[in-house]
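Read the numbers this way: they start at 1 and go in the same order the structure lists the ligands and their atoms.
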Amino acid sequence: MNIQVNQLGYTPEMTKTAVMRGNLGQELQVLNAAGETVLTVPVAAEREKIWDDDVVVVDFSALREKGVFTLRCGEETSYPFVVSETPYEQVLMALVDMFYYQRCGGEVDERAGVHAHPACHTGLGRVYGTEEYIEVSGGWHDAGDYGRYIVPAAKSVADLLLAWQWNPAALEKTNLTSLLPEVRWELEWMLKMQRQDGAVYHKASCARFCGMIMPHEEQEEIIVSPVSTTATGDFAAGMAMASRFYQASDPAFAEKMKQAAIRAWDWLVEAEPMLFRNPEGISTGGYGDRSDEDERLWAAVELAITCGDEKYLTYAAKGIAQQERTWAPLGWGDMRGYVALEGMQLDGELGDICRQWVVDAARRMLERVNAYGITMTERLPWGSNMNISNDGMIFYQAWKLTGEEKFRQAAEKQLHYLLGVNPVSYCYVSCYGTNPMLHPHHRPSVATGVCVPGLLSGGAAGGMMDAVAREHLQGAPAGKCFVDHHGSYSTNEICVYWNSPMVALLSGVMGA
Ligand SMILES: [Zn+2]
């Protein structure tokens with residue numbers, strides 16, 4: 001496929017861009033369902049060389065009528081796409097329902113079809129290196145595996161709550177769940193991971209990854225790994241943030257989270273950095289870090305907003321002043337983007353500084369975008385689709401702050417990329433689009449032979465980090481390092497914290 005379109009379509013008002021590969025012709029025709037040309041757009045002569053192709057971007061935003069269309073240039077025709085007021089409603093619901101499919105410690109009921117299963121991982125967890133057993137059931141399975149990890153959990157919760165803040169109407173009801181009750185499923189588990197003294201255990205998982213079985217079939221002992229300052233900082237931040245969102249519907253639950261956040265903070269300020277490494281005998285996801293300063297700062301910011309105490313504000317002000325405020329990463333390792341996005345709620349100059357931070361970060365990102373509209377060209381990391389969704393969130397917020405169209409268009413282009421305007425012509429959300437990802441590294445999808453819908457693939461990742469990638473992708477440029485194969489965990493795993501920023505991006509764009 002040499003004409004890449006958003007396979008789920010566009011709204012009438014949206015920026016509509018396609019990326020074409022090679023010299024197909026000098027004009028692009030937009031054809032309606034009857035095959036009639038409804039719009040002709042000239043194709044620029046200049047090409048951008050990227051990922052071994054000469055490509056050109058074609059803007060057909062002048063197409064405002066609704067219907068089903070294809071693009072044609074020379075002999076090539078694109079996949080069909082719709083223009084409608086609601087092209088993304090179904091995919092957004094599926095992206096949120098993914099969290100229901102990932103539920104641990106409770107039944108996933110018959111509405112999930114072949115993916116239904118009884119409560120899993122319900123046994124007590126043994127605290128690593130002790131004979132102490134604690135109750136840690138619940139939460140979401142992190143990814144293609146069945147571990148549950150605090151650090152990425154906090155990112156997922158923060159993204160989903162931002163999505164709710166940006167566009168609650170779009171998230172009220174999905175096919176299987178709705179947003180705030182679903183996030184609570186995770187929050188209730190996180191609360192169980194806090195130790196009496198306020199510190200938070202890093203993760204709950206079996207000692208090693210299991211085979212491609214359903215979750216209730218994994219019967220190994222659950223081990224609760226040691227506490228870390230990154231997990232405790234992220235926990236404090238997530239709990240303090242979440243308590244504001246549940247204040248109206250359940251003040252007691254909100255208070256419980258606030259107190260948990262305060263206890264985590266009180267432990268944290270006295271603690272030297274404890275950066276997590278898998279202890280001996282444990283080989284599940286590590287989510288290690290080089291620094292816990294960003295987690296501490298994010299916690300201070302959220303506690304300052306929620307509690308208003310001077311001590312949190314002082315810590316937040318000092319930390320924000322020390323930052324180089326030209327980029328705003330949204331985790332899971334570096335949480336400074338949440339400092340910027342959430343710090344906007346602080347009063348006075350501090351709020352102004354954070355707003356400027358978001359806008360400056362977005363401007364800096366815009367300087368780097370390529371023909372596909374994304375900021376990464378040379379190197380796409382494992383889970384690049386998370387970075388692309390994260391970038392979309394920053395572009396969206398910069399647009400809200402400035403009203404500058406270029407930021408709105410940039411946010412939309414991140415979405416277009418994820419849904420089809422990419423060099424491998426995939427819709428990276430499982431079971432959606434004309435050419436969807438269907439074979440993720442995801443145990444329930446592999447065990448049943450049926451792909452769970454609404455999973456965002458990690459996407460193209462250079463570096464040949466698994467055997468399947470090495471077999472299929474040798475010599476491929478970074479943007480094309482993707483294989484829709486369940487064995488390629490480095491290009492085609494799925495994660496709760498990859499779906500979550502896409503939910504936020506999509507919610508924002510749909511409400512724009
Ligand atoms: Zn489970």
Legend entry - Spacing of Gln102 atom CD and Trp140 atom CH2 [to the nearest 0.5 Å]: 10.0 Å

Inset, instruction - Look at Arg184 together with Glu188 and state whether they make a salt bridge at an N to O cut-off of under 4.0 Å. - result: yes

Legend entry - Heteroatom test (N, O or S) for His216 near the Zn ion (ligand 1), limit 2.8 Å: no

Inset, instruction - Would you check if there is a donor-acceptor pair between the side chains of His202 and Ser228 at a distance under 3.5 Å? - result: yes

Inset, instruction - For the pair Glu182 and Arg103, find out whether any cationic side-chain nitrogen is under 4.0 Å from an anionic carboxylate oxygen. - result: yes

Legend entry - Angle subtended at the Zn ion (ligand 1) by NE2 of His141 and SG of Cys120, nearest 10°: 100°

Inset, instruction - Identify, by name, the N, O or S atom of His121 lying closest to the Zn ion (ligand 1). - result: ND1

